Amino acid sequence: MITKIIAEELIQKAKKYVEKGDKFVIVTHVSPDGDALGASLGLYHFLNTYGKDQVTVIVPNDFPPFYRWMPGAKDVVVYDKYQEFADQLLRDADVIFCLDFNEPKRVEKVADALLAAEGRKVMIDHHLNPADFCRVTMSYPQMSSTSEMVFRFICRMGMFDLLPRESAVCIYTGMMTDTGSFTYNSNKPEIYTIIGELIKKGIDKDEIYRKVFQVYSESRLRLQGYVLYEKMKVYPGKHTAMMSLSAEELERFHYVSGDSEGFVNMPLSIEDVCFSVFLREDKDYIKVSLRSVGDFPCNEFASKYFHGGGHKNASGGEFFGTLEEAIACFENALEEFNPSLRKENRENQP
C-alpha cells in the first residue's frame, strides 16, 4: 500500500480525460534523460494496453543511444527531425500529457505548438514552481522522479492490473536514472515498495542497470577517462570539484548526445567532495549540471547563477557566454557559497 500523495480531484479529472480521449500526445523536455523517457514510454505503453491506439511520444531533440533499447523508443517522434508531423499530432490531440517539465521553455522549439494546441493538457512532474499552462497540474517535488509519479497516477486511477511489463521496465529505468541508481533523493521506503511491484510485473532490474550504465561506445569511455584525468579541478578546502568540456574536445572524442550523462556524479566519490559541477559547451550556450550530497542546495546555486533550478541534490542550468566566462562565473559564485560547503563538510564528519 502506498500513500495517496496526488490530490484525488486531480486524479479524477485526468482519469476522465483518459477515458474519453481518443488521440493522445505525450511531450517531455529537451535533451530527454532516463526519467523523461521512462515516464513518457511508461505512460505510452499503459495507454496502449488500456485500448488507446493513437498515442505518440514527442521529444524536442534526440536522446542518448543507451536508451534506444527501451520498449517503444523506436516509435518516439523527434521534433527537430519531424516538425510538421509533430505539429499536426499536437493540433489533433484530445489529451496532451506534459511529463517531467514544469514550464514551456523546457521543451524549447515545441513550446509554440504545445501552447497553441487545444487538447486538454495534463502535467505530471516533480520540479519546483510549475507554470500555469495545463488544465491539470500534478506537481510534487518530494517525489523521486516523474516516473514514480506516473506509476502512482496509474495506480490511483485503479488501473494497476493493466500496467504491462513494458511500462514497468520504462518506469523503473526512470526511477533508477533520476536517483543516481538510488544513491540520492531515494530514502523513502515507498520507493522500494514500488520497485517490488515493478519486479512482480516481470522486470529484470539488473539487466536494466547493465543496459543503461555498462554498455557504452569506445569513444564515450575514452571521453570519460579524459575528463577525469585532464579536465577535473578539485578546490581544496571548498569540498568542490568542477569539470568542463569545450566543443572542440567533444568533437575530438566523436561526441553524440548523452555521452556525458553521469559525468557530473563521478567527482562525488572523492573523499571530502560534496559538490560537483560539469560545464559542457553546446551550440548556443554552456550547459551546466550540478550535483551535491547532504544538505548543500545546488538548486539554489543553479537558480542564482545559471538561470536554472531543479532538486536540492541534482540541478541544472545554462550560461550564455564563453566556456571561460562560465568557469569564472562558477568560481566567483563558489566563494559566496563556501560557508555552506564548510558547514556541510563538518556535519558529515564521523
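When a residue number appears, it is its place in the shown sequence, counting from 1. None of the values given here were measured: they were computed from a predicted structure.
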> Given Tyr235, which of Phe275, Phe330, Phe337 fulfils the ring-ring contact (aromatic ring centres under 6.0 Å, His included) condition?
Phe330
> Out of curiosity, Cys98 SG to Arg106 CZ, how far, rounded to the nearest 0.5 Å?
13.0 Å
> Sequence neighbours left out, what passes ring pair (Phe, Tyr, Trp, His ring centres under 6.0 Å) with Phe66? Give chain and number order.
Tyr216
> Listed by chain and number, what are the salt bridge (Lys or Arg N to Asp or Glu O under 4.0 Å) partners of Lys52, not counting sequence neighbours?
none
> With sequence neighbours left out, write down each residue that passes side chain to side chain contact (heavy atoms under 4.5 Å, CB included) with Glu230, or none if nothing qualifies.
Tyr226
> When Ile, Leu, Val, Met, Phe, Trp and Tyr are grouped by side-chain heavy atoms lying under 4.5 Å apart, directly or through other members, which residues fall in the same group as Val256?
none
> side-chain contact (heavy atoms from CB on, under 4.5 Å) with Leu43: which of Phe151, Phe24, Phe97?
Phe97
> Scan for side-chain hydrogen bond (donor to acceptor under 3.5 Å, both in side chains) pairs involving residues 129-145, sequence neighbours excluded, and state none if there are none.
Ser144-Glu148
> Please report the interatomic distance OG(Ser147) to CG(Leu99), rounded to the nearest 0.5 Å.
8.5 Å
> Below 3.5 Å, can you tabulate the donor-acceptor pairs from side chains in residues 70-83 to any protein atom, sequence neighbours excluded?
unit_1	atom_1	unit_2	atom_2	d
Tyr79	OH	Gln83	NE2	3.4
Tyr79	OH	Asp87	OD1	2.6
Tyr79	OH	Asp87	OD2	3.4
Lys81	NZ	Asp62	OD2	3.2

> Step by step, would you call Tyr67 with Phe63 a ring pair (Phe, Tyr, Trp, His ring centres under 6.0 Å)?
CA-CA 7 Å; Tyr67 291 129; Phe63 49 91; 7.4 Å; no
> Got a sec, which residues hit ring pair (Phe, Tyr, Trp, His ring centres under 6.0 Å) with His311, two or more places apart in sequence or on another chain?
His126, His127
> Does Ala93 have any side chain to side chain contact (heavy atoms under 4.5 Å, CB included) partners at least two apart in sequence or in another chain, and if so, which?
Val25, Ile96
> Hydrophobic clusters join Ile, Leu, Val, Met, Phe, Trp and Tyr when side-chain heavy atoms are under 4.5 Å apart, directly or via other members; which others share one with Phe320?
Tyr285
> Shortest non-hydrogen contact from Arg291 to Ser315?
NH1-O, 3.4 Å
> Suppose we screen for ring pair (Phe, Tyr, Trp, His ring centres under 6.0 Å). Which residues come up paired with Tyr172, at least two apart in sequence or across chains?
Phe182
> With Glu8, which residues qualify under side chain to side chain contact (heavy atoms under 4.5 Å, CB included), at least two apart?
Gln12, Arg156
> How would you list, by chain and number, every residue that makes a ring pair (Phe, Tyr, Trp, His ring centres under 6.0 Å) with Tyr17, sequence neighbours excluded?
none
